[in-house]
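Here the structure comes first, spelled out in structure tokens, and everything after it is commentary.
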Amino acid sequence: MAEATTDAPKPVEKPRLISEADVTKYKTAGDIVNDVMKKLILLCVEDAKIIDLCIEGDKFIEEGTGGVYNKAVKGVKMSKGLAFPTSISVNNTVSHFSPLASDPLSAQALAKGDVVKVHIGAHIDGFAAISAETIVVGASEQEPVTGRKADVIKAAWHAAEIAMRLMKVGNKNFTVTDAVAKTAAAWDCKPVEGMLSCQQSQNVIDGKKRIILNPNETQKRDTESITFAEDEVYGIDILISSGEDGKARIEDSRTTIYQKDSSVTYQLKMKNSRAVFSEVQKKAGAFPFNVRALEDEKRARLGLQEAVQHGLIKPYEVVYTPANTFVAAFHFTIALVPAGPLLLTHPPVWYKPELVKAEKELEDDELKGLLSKSLRESKKSKKKAKEAEGNADDA
């Protein structure tokens, strides 16, 4: 008598931390950021005022996010807009420079040869895509970037590409820290000390899992060693300095970008502080904002003081490396989905090897081997690797 056949039970699928719908929102935000980056880079010309570029960038992001996901779900409109205010940081300014009209540095304009970091972000339903890249004003294939400017840009882009390939499930944060430092050293450059890349989730761009660049002893001790896990999303911020130690300090720029710290609770005492905090929650939610976006700048500055003092709101300070040094930056948003790392933002708009002519090149065989691999291994190469492992075990 033939045995009755039973269908083998299907393996239970484990719940995903991030749905396909979420990934689509991240990628839509990434597409908007890429379109805005293209527009902004065209505007980054000699004599362009930085404040005008920042205002335009924010306007472009709002327009882009305003054109998608407009159908209300159960009567509720989806939140969307800026995930990071446009900042344009030049030469030895590390990041977060986005002046107000009342600031002493508001008249600053771009000059030919300036090394310019453009940093922008958009979110759809709290799923944020943030991007930054570095350009040099007036550079062309006929007049490429050379010298220390070329070194620092080349170092930053190669470090970003190495970091992308190390963002894999099971890898550790300090592996990325060390590889970025090693890559930068090939061009006699240093990562900017203490700069952080953070895990992201809905309405969070500064999650608990972090990667630190060029930490000093205290920072290294205070940064937890973490392992990357499936379905996590990270915003990776690569900032490289042509200076000898990568140290940066606060100078005379006024802070204009702030963010509500959701982990802190405190009852504000002053009526104006409460009103400003309420406006921040309404306009920016969990994301960073520029004081420019608030109704009354003078009142906002006063109201923010108490909130900052008690940690309810945190400042994104403008820091500088020493004079006559240059900083280059590339920021990308990446998801560690089951099929492999998935870039949610786009590759740089401006950067290509023909525009940046450095005399040095990457010599380290291990790092060169990493760069030669595609971000995602194809199924064929994964199968080959497994077969090779099997053959090695049999030998």
Side-chain angles (χ1 to χ4, degrees), residues 17 26 94-95 117 119 128-134 152-187 189-201 204-241 245-248 327-337 340-345 347-348 351 362-377:
L17 290 177
Y26 273 121
V94 176
S95 54
K117 281 82 66 188
H119 192 168
I130 298 172
S131 186
E133 67 173 277
T134 302
V152 78
I153 295 170
K154 203 113 178 175
W157 174 239
H158 280 74
E161 287 217 281
I162 293 285
M164 279 176 208
R165 284 157 178 77
L166 290 172
M167 295 304 298
K168 289 193 171 176
V169 173
N171 278 1
K172 292 193 176 292
N173 54 345
F174 279 104
T175 304
V176 179
T177 302
D178 295 342
V180 167
K182 204 172 176 184
T183 306
W187 285 272
C189 294
K190 282 269 188 185
V192 178
E193 184 182 272
M195 293 293 123
L196 293 170
S197 297
C198 302
Q199 187 185 357
Q200 293 185 196
S201 53
V204 177
I205 61 166
D206 50 357
K208 288 194 168 75
K209 282 187 159 186
R210 297 177 173 193
I211 300 160
I212 191 165
L213 297 184
N214 189 17
N216 61 36
E217 284 307 312
T218 307
Q219 291 164 341
K220 196 167 188 175
R221 192 181 61 238
D222 293 346
T223 304
E224 191 182 338
S225 174
I226 56 116
T227 303
F228 307 132
E230 193 169 278
D231 280 342
E232 290 179 342
V233 174
Y234 287 86
I236 304 298
D237 203 6
I238 302 296
L239 292 137
I240 306 293
S241 165
D245 57 10
K247 289 189 185 296
V327 174
F330 291 93
H331 186 120
F332 58 91
T333 309
I334 194 166
L336 310 187
V337 295
L342 174 67
L343 264 183
L344 302 168
T345 45
Y351 179 88
L362 194 61
E363 302 292 346
D364 186 278
D365 288 336
E366 191 184 346
L367 295 174
K368 281 163 77 175
L370 257 180
L371 279 178
S372 68
K373 291 180 180 174
S374 57
L375 190 56
R376 270 184 167 193
E377 283 184 79

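Note that the numbering runs from 1 along the sequence shown for the chain.
Between the NZ atom of Lys172 and the CG atom of Asp178 there is a distance of 13.0 Å, given to the nearest 0.5 Å. Summarising the geometry, atom CZ belonging to Phe332 is positioned 9.5 Å from atom CG belonging to Asp237; distances are rounded to the nearest 0.5 Å. Note that the CD1 atom of Ile334 and the CD atom of Gln200 stand 11.5 Å from one another [nearest 0.5 Å]. We find the NZ-NE2 distance between Lys368 and His158 to be 10.0 Å, quoted to the nearest 0.5 Å. Taken to the nearest 0.5 Å, the CZ atom of Arg165 stands 13.5 Å off from the CE atom of Met167. In this structure, the separation between CG on Leu342 and CG on Leu375 is 8.5 Å, given to the nearest 0.5 Å.
Panel note: side chain Lys168, backbone Leu336; no donor-acceptor pair is recorded below 3.5 Å. Judged by distance alone, the side chain of Asn214 and the main-chain N or O of Met195 form no donor-acceptor pair under 3.5 Å. Within the 3.5 Å criterion, the main-chain N or O of Gly235 finds no donor-acceptor partner in the side chain of Thr333. Panel note: side chain Arg210, backbone Cys198; no donor-acceptor pair is recorded below 3.5 Å. A donor-acceptor contact shorter than 3.5 Å is absent between the side chain of Thr345 and the backbone of Ala129. Using a distance-only test at 3.5 Å, with no hydrogens or angles considered, no donor-acceptor pair links the side chain of Thr134 to the main chain of Lys117. Judged by distance alone, the side chain of Gln219 and the main-chain N or O of Ile212 form no donor-acceptor pair under 3.5 Å.
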Check against side-chain contact (heavy atoms from CB on, under 4.5 Å), Ser225 and Asn173 = CA-CA 6 Å; Ser225 174; Asn173 54 345; 4.0 Å; yes
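Contact annotation: the side chain of Val152 never approaches that of Val327 to less than 4.5 Å [non-hydrogen atoms, C-beta and beyond].
Atom NZ of Lys220 has 12 or fewer neighbouring heavy atoms from other residues, nucleotides or ligands inside a 6.0 Å radius. Counting non-hydrogen atoms of neighbouring residues, nucleotides and ligands closer than 6.0 angstrom, the NZ atom of Lys190 reaches no more than 12 such neighbours.
Of the charged side-chain nitrogens involved, none lies within less than 4.0 Å of a carboxylate oxygen, so that Glu217 and Arg221 do not count as a salt-bridged pair.
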